[in-house]
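I have placed the structure first, in the form of structure tokens, so that the comments after it can refer back to it.
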Number of protein chains: 2
Amino acid sequence: MPPTRTRNRRATINDVASAAGLSRGTVSRVVNGERYVSDEARVAVEEAIARVGYVRNSAARNLVTQESRAIALIIHEPHSLLFEDPNIGSILLGANAVLSKADYQLVSLIIDSDRDSRRVADYLRGGLVDGAVIVSARASDPIASAVRDIGVPAAFVGHPPGTPDLPYVAIDNVAAARAITQRLIGTGRRRIGMIASAMDRDSGHDRFTGFRDALGGRFDASLVVEYPLYTYAAGLEGMQELLRRCPEIDGVFAASDAVAAGAMTALQESGRKVPDDVGIVGFDDSSWALRTRPQLSTVKQPADLLGSTAAELVLAQIRGLPSPVQVLDTTVVWRDSA
Amino acid sequence: MPPTRTRNRRATINDVASAAGLSRGTVSRVVNGERYVSDEARVAVEEAIARVGYVRNSAARNLVTQESRAIALIIHEPHSLLFEDPNIGSILLGANAVLSKADYQLVSLIIDSDRDSRRVADYLRGGLVDGAVIVSARASDPIASAVRDIGVPAAFVGHPPGTPDLPYVAIDNVAAARAITQRLIGTGRRRIGMIASAMDRDSGHDRFTGFRDALGGRFDASLVVEYPLYTYAAGLEGMQELLRRCPEIDGVFAASDAVAAGAMTALQESGRKVPDDVGIVGFDDSSWALRTRPQLSTVKQPADLLGSTAAELVLAQIRGLPSPVQVLDTTVVWRDSA
DNA sequence: TTGAAAGCGCTAACAA
DNA sequence: TTGTTAGCGCTTTCAA
């Protein structure tokens, strides 16, 4: 058989109607499970559908109903990080679960270039989705304002600065960072540094703010290094730099678990013991936290809840209900690294 | 302002036409960038579009053109693993790059339940996409046969047993596993075991086959443990089990880098030195490989190429061109763990 | 309970 | 170069 698949004309509702000896209207009613269809008619239509192999054309249906029953999830993540950040998977799955239950299809659109950015905006504008969840937007992200301009119901996960005034769901990164830093202080650490990351995202920026707050007058800017991404590599390099700057450092707040894992490797390579010589804490409570030795003390953030709540925010807007900003709780998980 | 966003009727091509004092046909020509439009007309239309805020309705367009210019990427991955497997991100990005250049929108659909499976099948059937790439299908995956039945141009990444006869792109897992096992043998290891994973996927199954082939008569089934997923946890437990069964084990092939990283932790906790006491190799050359100490010897598989090639296979079918099965090359990356 | 007919917004063939 | 017109396949009145 040649590779060219002859997509012979698909059966339409008209084919079903004539095969069943009924009108288009009746077929439509059966397909949509409406009342006021006689049992005979229903059977005849179902039989005809099977016989001609009919499947409804979504474009035609969307055109007349003016809805698509699909929601976009827009992922705007730097190349290297996509999917190395375990939160994204959880957010995706959380959103999918809620939408699936409401009988909406989640379609994930990834933005990896300016060209993508424009195409995705067109996709939203074209009416192919009824709403959008935006994850990992950066400060002044163009797609964010495009979404607002398009006027499609939308919600952010997180709340980057410079972002339009749309509903969002987030955690209180400032408070959480403050809390875990305080516990680091509480264990008697004297020289506490931070490996900050992703300062152009609300999460990165706010974690740094919480850290500084907690330290108050004891905050020392020279004990803070900054990297663009939440990665293992950032932790590795960041810790090495911190050790160069201050060999007596005895406490470190890493902006994420992946960063903490990298930092821990650097610490061990320098011959220091965790937590005896240096205490270290992370953020996320991702699978990283259980992989390090010793296991990581960290902040547990409910990534799947972020996703499901964002999805609910979008559904609420579609239904004309209020969609208030949501701030979810975090908890400190104390293990052995500090 | 109330949260209910009044989505006042969107401007249609008719609104533009009357605003510009021209016909629908001319407007359509301008919008689609066709020739045979006078400069005056073009300017008038563009001006009118801006004035009334027109955006083309995709459903209407798809209905008449009978195409969507979108390609689905179907991800069917167990909950925990989604996005912990760095390959998926690379595959996604690779496919996106190719499709973006061809002006197709990649829409990722995730399957996390039977309900999802049905809804995704409906989505494909409805004509909302012109083709599909299927990643991480398992043996006899229902979505795989659904795709075949639907008759939409499609390609697999990987080639699970029991999968319909559709084009696919894969690496030769058997040969690659054989090659790296041979190098393990070549370094003088005498008691070589394997931590196998995902035996219901072609990758997992074939890596095991390659391992057994390479060992030939020296293959010892008691030195093989098997886990369902390619995870760090599988490596940790698997290695502990292997050490219980055979404390003198001196070589291990882990089915993926994540598994190898877990195994290495177990080895270190048991007081053994890598590579002096035990040599260990992985598979993927993912970011895991650079994170372990010592760094991992592994098989480099071109994950982004898998994605881009699969996308090309789908585009070829859409264009009526041949879409032959593709087997991509892998290379052994020799570092310090064996 | 069913049928007939209008029309969703757009493209494309044909005529002018 | 432009306008007119006939649908794409479906839902949804309105009548019967």
Side-chain angles (χ1 to χ4, degrees), chain A residues 7-46 48-49 52-70 122-130, chain B residues 7-46 48-49 52-70 122-130:
Chain A
R7 285 235 261 167
N8 32 9
R9 198 180 71 77
R10 286 171 42 166
T12 75
I13 200 171
N14 294 306
D15 300 327
V16 177
S18 53
L22 289 162
S23 73
R24 302 218 305 270
T26 303
V27 175
S28 178
R29 282 174 209 117
V30 171
V31 170
N32 292 305
E34 285 171 25
R35 288 171 313 177
Y36 303 126
V37 181
S38 67
D39 287 347
E40 310 152 59
R42 187 177 308 280
V43 170
V45 168
E46 281 165 355
I49 285 176
V52 305
Y54 168 74
V55 292
R56 179 164 63 192
N57 179 309
S58 300
R61 171 167 228 249
N62 294 351
L63 176 57
V64 40
T65 59
Q66 302 279 46
E67 61 164 22
S68 65
R69 296 205 76 83
D122 285 347
Y123 194 85
L124 301 181
R125 255 191 289 269
L128 261 17
V129 295
D130 298 339
Chain B
R7 283 235 262 166
N8 32 8
R9 197 181 71 77
R10 285 171 42 167
T12 74
I13 199 171
N14 294 307
D15 301 326
V16 177
S18 53
L22 289 162
S23 75
R24 301 220 301 272
T26 303
V27 175
S28 177
R29 282 176 209 114
V30 171
V31 170
N32 292 304
E34 284 170 27
R35 286 172 314 177
Y36 304 127
V37 181
S38 67
D39 287 347
E40 310 152 57
R42 188 179 306 281
V43 169
V45 168
E46 280 164 356
I49 286 176
V52 305
Y54 168 75
V55 291
R56 178 164 65 190
N57 179 311
S58 300
R61 170 167 229 249
N62 293 351
L63 177 57
V64 40
T65 60
Q66 301 280 47
E67 63 163 20
S68 64
R69 298 205 74 85
D122 284 348
Y123 194 85
L124 302 182
R125 255 190 289 269
L128 261 17
V129 293
D130 298 338

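Below, chains carry the letters A, B, ... as their sequence lines are ordered, and counting in each starts from 1. From a predicted model like this one, the values you see are computed outputs, not experimental measurements.
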Q: First locate atom OG of Ser58(B), then atom CG of Leu63(B), and finally report the distance between them rounded to the nearest 0.5 Å.
A: 12.0 Å

**Q.** Spacing of Thr12(B) atom OG1 and Tyr54(B) atom OH [to the nearest 0.5 Å]
**A.** 7.5 Å

Q | Worked verdict on Val129(A) versus Glu67(A) for side chain to side chain contact (heavy atoms under 4.5 Å, CB included) | A | CA-CA 7 Å; Val129(A) 295; Glu67(A) 61 164 22; over 6 Å; no

Under 3.5 Å, side-chain donor or acceptor atoms of residues 35-42 of chain A against the rest of the protein: list the pairs with distances, not counting sequence neighbours.
| unit_1 | atom_1 | unit_2 | atom_2 | d |
| --- | --- | --- | --- | --- |
| Ser38(A) | OG | Ala41(A) | N | 3.1 |

**Q.** DNA chain C: 5'-most and 3'-most nucleotides touching chain B, 4.0 angstrom heavy-atom criterion
**A.** dG9(C) to dA13(C)

Q.
At 10 degrees resolution, what angle do the end axes of the helix from dT1(C)-dA16(D) to dA16(C)-dT1(D) form when each is taken over five base pairs?
A. 40°

Q: Would you kindly say whether Ser68(B) and Asp130(B) are connected by a side-chain donor-acceptor distance under 3.5 Å?
A: yes

Q: Taking Thr65(B) for its side chain and Arg61(B) for its backbone only, find out whether a donor-acceptor pair lies under 3.5 Å.
A: yes

(Q) Determine whether a donor-acceptor pair (N or O, by modelled atom type, separation under 3.5 Å) exists between the side chain of Asn32(A) and the backbone of Arg29(A). (A) no

**Q.** salt bridge (Lys or Arg N to Asp or Glu O under 4.0 Å) partners of Arg125(B), counting only residues at least two apart
**A.** Asp122(B)

Q: With side chain to side chain contact (heavy atoms under 4.5 Å, CB included) as the test, would you mind laying out the steps for Asn62(A) and Leu128(B) before giving the verdict?
A: CA-CA 10 Å; Asn62(A) 294 351; Leu128(B) 261 17; 4.3 Å; yes

Q. Tell me, for nucleotides 8-16 of chain D in 5' to 3' order, what letter each nucleotide earns: B for a base near a protein heavy atom under 4.0 Å, S for only sugar-phosphate near one, - for neither?
A. BBBBBB---

Q | Residues in side chain to side chain donor-acceptor pair (under 3.5 Å) contact with Ser23(B), at least two apart in sequence or another chain | A | Thr26(B)

